[in-house]
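Scope of the values below: all heavy atoms of this structure, side chains included, with no hydrogens, waters or symmetry mates.
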Amino acid sequence: MSMYPQEIGPIPAETMRVARAAYPKGSLAMRLRDELGGLYQDEQFGSLFPSRGQPAEAPWRLAIVLVLQYVEGLTDRQAAEAVRGRIDWKYALGLELADPGFDASVLTEFRERLVAGQAETLLLDVLLERCKQRGSIRAGGRQRTDSTHVLARVRSLSNLECVGETLRAALDDVALVAPDWLASQVSPEWFERYSHRVENYRLPKAESQRTALAEQIGADGLHLLAALEGADAPAGLKEMESVQVLRQVWQQYYDLCKGAAKWRAGPQADGQEGVLRSPYDTEARSGKKRETVWFGYKVHLTETCDPDSPETMEVPHLIVQVETTVANVQDVEVTATIQQGLDQADLLPEEQLVDTGYVDAELLVSSQQDYGIKLLGPVLSDNSWQAKADQGFDAAHFQIDWQTECATCPQGQQSSRWTPLRDPERIEVVFAHATCEMCPCRMACTRSQTTGRVLHIRPQAAQEALLARRKEQETPAFRQAYATRAGIEGTLSQGVRGMGLRRARSDGLQKTHLQHVLTAVAINLVRIDAVLTGTPRGHTRQSSFASLATHPKVQRKAA
C-alpha cells in the first residue's frame, strides 16, 4: 500500500446537515473535528508507507478512527462498523453519507505500520504539540506518575505446559514450511503427544509420571533441534522464531548435557530477562506487587496536575508520557527513562509526584541535577534493627566528615576504615572492634561479638538527600503537597474501566505499548472535550457513612 499525501477537505454539506440535525448538541467526535480539525495530517505518516503501490486509506482518517475506537472501547470490527454507519463519525472523518468505509483489517495493518516504523508515540506526540500551541500544557509545573499491571493476551503456563506448548508451536511452524522433511523426522507417538494443546487437565497427576513426560518432551525437543542442524534440513528452518524460542526454553527448563535433557526442579533464567512462561508471547513476564501476581506487562502514566486556580480552571489534566515495561521491571528502574522522555518532549516539570516505588537516594540527586526536577515522594525508612527498635543508634546518629572520610559515633569515637564499594555504589565505614568492645552503649549500637560497628552509606550527595527526605516526609507540609499524587489513581481507573488499559489486546511489548499510547490519547481527548462542554472534574466518591463525619452532631461530639 502506498500513500500520497492529500489535504483534509471540507465536510460534505449533506453530512454536515444530517449530523447537525441528529446531534443538535454535538458529540465528542464532532467536537474533535470542529476544535482540532487538522489534528493529524497525511504528511506525518509519510515514512510509514512506500511511494509505490495501491493507494492506502488516508492515514489521518485511520488515526482518528483509532483514537475514537479507544475512546469508546470498541473492537476493530465495531470501529469499522461505526465508520460505515454512524453519522457523527462520518462528520469527524469528512465522509459522504453513502461512503462504505473499509474492512476492519485495515486498522490492524495501520497499527502494524506504526509499530514497524517505531512510531508508537506519534499520535500522542502530535496531540501534545497541538496542546502546547493552544496553551493547555507547558514545561514546568507539577506532574504525577504511577503504574498499574497489565495482563498479557495469553495466559501463563505451568512448567510442563510451557515446554509442551513450545515444542508443539515449533512443530506447527516447521510443518507449514517443510511438511515432507518433518514427516521423515518424527515417529507416530509424536502425533499423540503434540497434535492437541498441552493442558494440565490432560496431563498425568502423579509427580513421577509428570517428570517422565517432561523428560520425554525434552528428548523430543533435542531430537528436533539436532535434526534442524543436519545437512539435509531445509535452509532457514533453524532461524525460525519458534525454533529460537524452543532453544531458549530448553536452556531454561532442562539441564542439557551429553545430548540428554534432564528436567529441572524449576526453570532458570539467564541474566535479568526472566523466565519464559508462554511461547506465544515471549516478551511477557511474571510480576508481583504486594499481594498481586500477574503475567504480562506494566504501564506507567505521567500526567499534569497543576493546582486549580482562576487561570487553570479551563486547563485539563493531560497525560504527557507513557512508558510500557515487562512485568518484572521495578518502578525505580523506570524513573530516569520517564524523565528522559519528558525532556525530549520539552515537557519537564518542576515537581514530579511519585510513590515510594519510584524513589531512591540516587534519583533524588540525579533528578535535580540532570533535569531540574524535584522528585516528590517518600523514601523507604531505615530498615536496620536499630531504627526499627527506635532505641538504638541508626546511621542518622553518626556524624560524617566527607572531607577526611571519617565517621564519628554518638559516643565521640571515630571510624578506623573507610572503603568505597561498587555495584551498587556504597561506602563501608568500619569502627575498630577494640573501640566498640569497651563502649557502654554497645548493645544499642551493634550486636556483633567479633567486629565493631559497620555502616553502609551512600556517596555524600545521595546520603544527604536521603536523610533530608526522611526528615521532610514527616512534616505536615510534605503530606499536604504529596496528597495531589492520589489523583493519578483516578486516571488509571478511567483507563481500566472505560478503555481496557489492564488487558493487552495484542502480543508483544511494542504492540502493547501502542495500545497504551492510544489509551492515553483517548483519555486526553475525553478531558479536552469535558472542558469544551463545561463538564466539571469528578470528585472522590465518599460512602454515606463516611460523609457523616462532617455532620454537625458528630462535630460537636468531637469537640
Distance-only donor-acceptor check, side chains [X] and [Y], under 3.5 Å:
X: Q352; Y: Q339; result: yes
X: Q321; Y: E323; result: yes
X: E165; Y: Y280; result: yes
X: H317; Y: T304; result: no

Residues that [X] engages under side chain to side chain contact (heavy atoms under 4.5 Å, CB included), provided they are two or more places apart:
X: A465; result: L364, V365
X: R290; result: none
X: T121; result: D125, H513, V517
X: Q133; result: E129, R130

- prompt: Looking only at heavy atoms, which two atoms of V354 and Y482 are closest? And how far apart?
  reply: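 Result for this residue pair: O-CE1, 3.0 Å.
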
field: For E489, side chain to side chain donor-acceptor pair (under 3.5 Å) partners two or more places apart
entry: R485

With sequence neighbours excluded, residues passing side chain to side chain donor-acceptor pair (under 3.5 Å) with K298: D331

Donor-acceptor contacts under 3.5 Å from residues 67-81 side chains, at least two apart:
from, atom 1, to, atom 2, distance (Å)
Q69, NE2, L74, O, 3.1
Q69, NE2, D76, OD1, 2.8
E72, OE1, R86, NH1, 2.7
E72, OE2, R86, NH1, 3.3
E72, OE2, R86, NH2, 3.1
T75, OG1, Q78, N, 3.2
T75, OG1, Q78, OE1, 3.4
D76, OD1, R111, NH1, 3.0
D76, OD2, T108, OG1, 3.1
D76, OD2, R111, NH1, 3.4
D76, OD2, R111, NH2, 2.7
Q78, OE1, T75, N, 2.9
E81, OE2, R84, NH2, 2.9

Qualifying salt bridge (charged side-chain N to carboxylate O under 4.0 Å, His left out) pairs with a residue from [range], counting only residues at least two apart or across chains:
range: residues 92-108; result: none
range: residues 338-360; result: R142-E351
range: residues 494-523; result: R153-D507
range: residues 456-466; result: E362-R458

Sequence neighbours left out, cut at 3.5 Å: what donor-acceptor pairs do the side chains of residues 372-382 make with other protein atoms?
from, atom 1, to, atom 2, distance (Å)
D382, OD1, S384, N, 2.9
D382, OD1, S384, OG, 3.0

Between Y23 and Y91, ring centroids under 6.0 Å: no

task: Give a yes or no answer on whether the side chain of Q44 reaches the backbone of Q41 with a donor-acceptor pair at less than 3.5 Å.
output: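 Present.
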
- prompt: In terms of side-chain geometry, is the basic nitrogen of R527 or E303 positioned less than 4.0 Å from the acidic oxygen of its partner?
  reply: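 Salt bridge between R527 and E303, a charged N being under 4.0 Å from a carboxylate O: yes.
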
- prompt: Is the number of heavy atoms from other residues, nucleotides or ligands under 6.0 Å of Q480 CD greater than 12?
  reply: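 Open: at most 12 neighbouring heavy atoms sit under 6.0 Å from CD of Q480.
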
query: If you draw a 6.0 Å radius around CD in E14, do more than 12 non-hydrogen atoms from other residues or ligands fall strictly inside?
result: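 Counting neighbours around CD of E14, more than 12 heavy atoms of other residues, nucleotides or ligands fall under 6.0 Å, so yes.
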
- request: Would you please classify the geometry between the W294 ring and the H149 ring as parallel, tilted or perpendicular, with 30° and 60° separating the classes?
  value: tilted

